[in-house]
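Working notes, beginning with the structure itself.
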Amino acid sequence: MKIIIKMILVIGILGLLITGCQKQSGQAENYSEADAVAAALAHAQVSESDVTAYCVKRDIEDGVEIYDVEFYVGSQEYDYEIRISDGSILEADYEIENDFRITEKGKEGEITPKEAEKIALDKVPGAGMIHMERKVDDGRVVYEGDIYHEHREYEFKIDASTGEMIEWKQD
């Protein structure tokens with residue numbers, strides 16, 4: 001008799017465990033990073049082949065898990081916050097970098113954009129994509145930019161007259 005009661009309890013517990021672990025229909029499944037990037041590109045009406053660099057980071061905003069998706073197409077920067085639980089776009093931002101276009105030659109007495117790019121990329125082995133602009137910062141001409149590699153973002157600032165790396169951040 002005790003064996004029968006134990007068997008009934010075991011079968012009952014197994015039944016609860018099995019049915020409790022099954023996904024109920026209609027339950028949302030979390031979106032992947034790839035889904036988030038695809039949603040952002042579709043919203044921006046941009047083809048993946050046009051993207052020159054991108055970065056995806058998991059974050060929590062106001063208690064909500066999100067993907068922070070940032071990508072560049074030429075001189076255009078796109079920023080998206082996408083809810084992980086259902087893929088909805090919570091925030092979208094688009095900006096045109098007017099001073100993004102850099103000529104092949106640096107101004108007289110400055111390093112060239114290619115030289116600045118090499119200095120920055122040498123700090124991140126294996127990286128090949130870079131977003132960079134030439135700016136005047138506190139009276140000094142600099143090359144400022146971002147490198148996205150293996151889901152990390154690197155920010156840099158290089159003195160255009162000396163080629164010295166004057167700022168470096170890794171997120």
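All heavy atoms count here, side chains included; hydrogens, waters and symmetry mates do not. These numbers come from a predicted model, not from an experiment.
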Exactly one of Ile84, Leu90, Asp59 should register a side-chain contact (heavy atoms from CB on, under 4.5 Å) with Val64. Which one does? Leu90

Give me the one residue out of Lys157, Glu144, Glu155 that meets side-chain contact (heavy atoms from CB on, under 4.5 Å) with Glu167. Lys157

State the [atom1]-[atom2] distance between [X] and [Y], to the nearest 0.5 angstrom.
| X | Y | atom1 | atom2 | value |
| --- | --- | --- | --- | --- |
| Glu61 | Asp68 | CD | CG | 7.5 Å |
| Glu33 | Tyr54 | CD | OH | 8.0 Å |
| Ile147 | Phe156 | CD1 | CZ | 5.0 Å |

Electrostatic pair [X]-[Y], nearest N-O below 4.0 angstrom:
| X | Y | value |
| --- | --- | --- |
| Asp86 | Arg83 | yes |
| Glu110 | Arg134 | yes |
| Lys135 | Glu133 | yes |

Main-chain N/O of Thr162 paired to Asp159 side chain as donor or acceptor, under 3.5 Å: yes

Donor-acceptor contact present, side-chain Tyr72 to main-chain Ile130, <3.5 Å: no

Can you give me the closest heavy-atom contact between Ala116 and Tyr143, atom names plus distance? CB-CD1, 3.5 Å

In terms of heavy-atom contacts, does NZ of Lys57 have more than 12 from other residues, nucleotides or ligands at under 6.0 Å? yes

Close side-chain approach of Val51 and Val46, heavy atoms under 4.5 Å: yes

Between Tyr80 and His43, does the ring centroid distance fall short of 6.0 Å? yes

